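Just below is one structure, and these are the notes that go with it.
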Amino acid sequence: MADRLLDWYSASARDLPWRRTRDPYHIWVSEIMLQQTRVETVIPYYERWMARFPTLEALADAPEEQVLKAWEGLGYYSRARNLHAAAREVVARYGGTVPDDPDAVASLKGIGPYTAGAILSIAFNRPVPAVDGNVLRVIARLYAIVDDIAQLATRRTIEELVRAMIPQDRPGDFNQALMDLGATICTPRRPRCLLCPVRDLCEGRRAGRETELPVKGRAKAPRLVERAAAVIEREGRLLIVRRPQEGLLAGLWELPGGDVPPGVGPEEALQTLLRNALGAEVAVGEHLADVTHVFSHLVWHLRCFRAEVVPGTEVAERADVRWVKVDALGAYPFPAIYHKVFERVLPHTAHGGGGRTRRNAQDRG
DNA sequence: CATACGTGGGC
DNA sequence: TGCCCAAGTAT
């Protein structure tokens, strides 16, 4: 198995930016970015990241706001925060050198079993498994494993099967070969079995069951959440607020507002939310846009209104409350839904920054 | 063990 | 359009 995969990998490996190095910091960053994220999506982020934070020390020295800005649009933002914290940990505890000890690597924030295996095998040549979704699929098909791969017991079984076939001399290449095979040949929908280097060893294919494997339970439907947000402008500046340091979209910026309780109108809810959050009375005005955004586990239905601070009350700037020139919004990390919102409610502004904002807005009203 | 945690692309 | 999927981790 290993020989076949390594030969295939030597001939067919994709030329990816993080494969032109074995620097543990570079491998680490790439692996965190690749968690639950496509290679094509990651590539430009990885290139920008390495230009902006060329070394572990540069990352450790950077303020969190800039780290989040560099991650803006990639999603799962705790990855960036954990990577940042872990970089600081490596500088503090290991003098800036990524440890090659399995326990030390695995104890770093944001590094779980898969990522630890990937870093150890790719950067340090350690013969340990790195079992991701691709590997689960490839192995489940190869051995015609019909157990649910969401089960811990099934994952353990697959991890041990992989462990037993890792070649001592090229563990990193082997793990990446397994993942590349899953990404390019042994794909979820229509596996290209005729191109597979191990097709004659595949029990799933022999049984004609390859497209039924792996077995995985269906995801729960996301919960619907009603939200309201205010566009409050004054002298060319827009009022924005920073989200809490924990939970959904932690530490990112957004328009002031919040959840609309069941049975309450969005305008009324908005007025209450802003009174509590900003300590100011606002007059809620014209309805500007509705934007729907789907997260993994919930759906936001966001209703946007223009609003004004009632004369006589003030909204003071704080660490998490800012009046920002609309053409300077690009300095702040916003979640994807707010880029949609800005396209709708600030259509004449060069918002977003960094070249990541989609300029070809859908013109559905 | 189940759930929280983003986003964009493919069919 | 809706659903599934993508190099998972933390709690």
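Every chain is numbered from 1, with letters handed out A, B, ... down the list of sequences. No experiment lies behind these values; they were computed from the predicted model shown.
- For the pair A:W71 CH2 and B:dG6 C1', the interatomic distance rounds to 11 Å; values are reported in whole Å.
- A tilted orientation is assigned to the rings of A:Y338 and A:F334, their planes being inclined by 30° to 60°.
- A:V39 comes within 4.0 angstrom of a base, heavy atoms only.
- Here the options are A:T55, A:T21, A:L56, A:I122, the test is side-chain contact (heavy atoms from CB on, under 4.5 Å), and the partner is A:H26; only A:T21 passes.
- Counting non-hydrogen atoms under 4.0 angstrom, A:I119 reaches nothing in the nucleic acid.
- Straight-line distance between the P atoms of C:dT9 and B:dG8: roughly 22 Å, to the nearest whole Å.
- The residues A:R227 and A:E254 are annotated as salt-bridged, a charged nitrogen and a carboxylate oxygen being separated by less than 4.0 angstrom.
- When the P atom is used for both B:dC5 and C:dA6, the distance is 23 Å, rounded to whole Å.
- Taking side-chain N and O atoms only, A:R137 has a distance below 4.0 Å to OP1 or OP2 of C:dA6.
- A salt bridge is absent between A:E65 and A:R322; no separation between the charged side-chain nitrogens and carboxylate oxygens falls under 4.0 Å.
- Regarding A:Q35, its CD atom lies at a distance of 15 Å from the C1' atom of B:dT7, rounded to whole Å.
- Of all the residues in residues 103-118 of chain A, not one reaches under 4.0 Å from DNA chain B with any non-hydrogen atom.
- Note on A:V42: nothing from the nucleic acid sits closer than 4.0 angstrom, heavy atoms only.
- Within the 4.0 angstrom heavy-atom criterion, no nucleotide atom of any strand lies near A:R190.
- The residues A:E159 and A:R163 are annotated as salt-bridged, a charged nitrogen and a carboxylate oxygen being separated by less than 4.0 angstrom.
- Shown for residues 238-250 of chain A: residues whose heavy atoms fall under 4.0 angstrom of DNA chain B, namely A:G247, A:L248, A:L249.
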Scan nucleotides 1-3 of chain B against the protein and return all N/O pairs shorter than 3.5 Å with their distances rounded to 0.1 Å.
none

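- Distances shorter than 4.0 Å separate some side-chain N or O of A:H297 from OP1 or OP2 on B:dC5.
- When rounded to the nearest whole Å, the span between CD1 of A:I149 and P of C:dA6 equals 9 Å.
- Per the geometry, CD1 belonging to A:I32 stands 12 Å off C1' belonging to C:dA10, to the nearest Å.
- When each of A:R344, A:R303, A:K340 is paired with A:D290, the salt bridge (Lys or Arg N to Asp or Glu O under 4.0 Å) condition holds for A:R303 and for no other.
- One interatomic measurement links the two molecules: OH of A:Y45 to P of B:dG6, which rounds to 13 Å at whole-angstrom precision.
- Between atom CD of residue A:Q271 and atom CD of residue A:E268 there is a gap of 8.0 Å, rounded to the nearest 0.5 Å.
- Nucleic acid contact class of A:T41 (heavy atoms, under 4.0 Å, all strands): none.
- The phosphate of B:dT7 (OP1 or OP2) has a side-chain N or O of A:H293 nearer than 4.0 angstrom.
- Checking B:dC5, C:dC5, C:dT9 against the side-chain heavy atoms of A:R189 singles out C:dC5 as nearest.
- Checked against B:dT7, C:dA10, C:dA6, the side chain of A:Y77 finds its nearest nucleotide in B:dT7.
- Nucleotide C:dA6 holds its C1' atom 14 Å from the CG atom of A:L16, rounded to whole Å.
- In this structure, CE of A:M33 is placed 14 Å from C1' of B:dG6, rounded to the nearest angstrom.
- Salt-bridge formation is not detected for the pair A:R209/A:E203: no Lys NZ or Arg NE/NH1/NH2 atom is positioned less than 4.0 Å from an Asp or Glu carboxylate oxygen.
- For A:K69 and A:E72, the salt-bridge test passes: some basic side-chain N is under 4.0 Å from an acidic carboxylate O.
- Each of A:D180, A:L195, A:V198 was evaluated against A:W8; a single residue qualifies, A:D180, per the side-chain contact (heavy atoms from CB on, under 4.5 Å) test.
- In this model, a side-chain donor or acceptor of A:T37 finds a partner on the base of B:dG6 within 3.5 Å.
- Note on A:W300: nothing from the nucleic acid sits closer than 4.0 angstrom, heavy atoms only.
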* Evaluate salt bridge (Lys or Arg N to Asp or Glu O under 4.0 Å) for A:R318 paired with A:D320, printing each intermediate quantity in order. => CA-CA 5 Å; A:R318 306 192 308 239; A:D320 57 345; 3.2 Å; yes
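- Hydrophobic clustering of Ile, Leu, Val, Met, Phe, Trp and Tyr side chains at less than 4.5 Å, counting indirect connections, unites A:F53 with A:I43.
- A tilted orientation is assigned to the rings of A:F305 and A:H287, their planes being inclined by 30° to 60°.
- Between the CZ atom of A:R79 and the P atom of C:dT11 there is a distance of 16 Å, rounded to whole Å.
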